[in-house]
Structures are given as structure tokens and as C-alpha cells.
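Before any comments, here is the structure.
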Amino acid sequence: MQEIRPYLQADGGNITLVDIRDNIVSVQLEAIVWLCRKPMTLKNGVEATIKRHAPQILQVIEVDGILLTFKK
């Protein structure tokens, strides 16, 4: 998360780790980021970065939050 966070914060957003269970990571992304990026591109970038550091992770999913606007 520490590698991803500065890029998101540069666009006024953020990322929060919600849970890791059965090699699936759940994150919450703050919506301000969506003003500058396509949701799928952002999701893919976050997932690729997490998997690079933790190859055992099978999937990264976004969870609903007050500021979250991205849905699969």
C-alpha cells in the first residue's frame, strides 16, 4: 500500500486496506481519484502492484465505502 498511496494521493485520493482473507485483498479507494483515471485502469494498477510484492495474492477487490464509486 505504501508504494501505491503516493500516486493516489497526488490525485487527491487514497487507498485503505480493509481485509486479507484466503489470498484475496479487499481495499477501499477514495473517489476523488476517479476524476482523473478510468476505474478499471486504476484497479488493474493497484492489483498489479500488490501482486508484485505479494505473489500469493489471487485477487484484489474493492469494497463499498462512503467515497467509493468504482464497481466491478
Side-chain angles (χ1 to χ4, degrees):
M1 297 299 156
Q2 298 308 325
E3 182 178 336
I4 300 165
R5 185 171 282 116
Y7 297 104
L8 299 176
Q9 289 176 334
D11 286 334
N14 207 346
I15 186 169
T16 302
L17 176 65
V18 175
D19 191 25
I20 301 174
R21 188 174 304 170
D22 299 324
N23 289 329
I24 298 174
V25 175
S26 300
V27 296
Q28 181 178 13
L29 299 172
E30 291 186 13
I32 297 170
V33 178
W34 306 124
L35 298 174
C36 301
R37 300 191 195 274
K38 293 181 180 177
M40 188 55 76
T41 301
L42 180 60
K43 190 263 185 191
N44 290 342
V46 168
E47 185 167 22
T49 302
I50 291 172
K51 286 182 173 182
R52 185 171 58 245
H53 292 283
Q56 71 276 16
I57 296 302
L58 301 173
Q59 184 179 17
V60 176
I61 59 173
E62 304 82 23
V63 296
D64 288 331
I66 295 170
L67 299 175
L68 188 63
T69 60
F70 178 80
K71 305 275 189 202
K72 277 189 170 179

Test salt bridge (charged side-chain N to carboxylate O under 4.0 Å, His left out) applied to Asp22 - qualifying residues, sequence neighbours left out: none

Set of side chain to side chain contact (heavy atoms under 4.5 Å, CB included) partners for [X], sequence neighbours left out:
{"X": "Thr49", "answer": "Glu3, Ile4, Arg52, His53"}
{"X": "Arg21", "answer": "Asp19"}
{"X": "Ala54", "answer": "Gln56, Ile57"}

Identify the two heavy atoms, one from [X] and one from [Y], that lie closest to each other, and give their separation to 0.1 Å.
{"X": "Ile15", "Y": "Arg5", "value": "O-NH2, 2.7 Å"}
{"X": "Glu62", "Y": "Leu29", "value": "CG-CD1, 4.1 Å"}
{"X": "Ser26", "Y": "Val63", "value": "CB-CG1, 3.8 Å"}

Value rounded to 0.5 Å, distance of CG in Asn14 from CD in Gln9: 4.5 Å

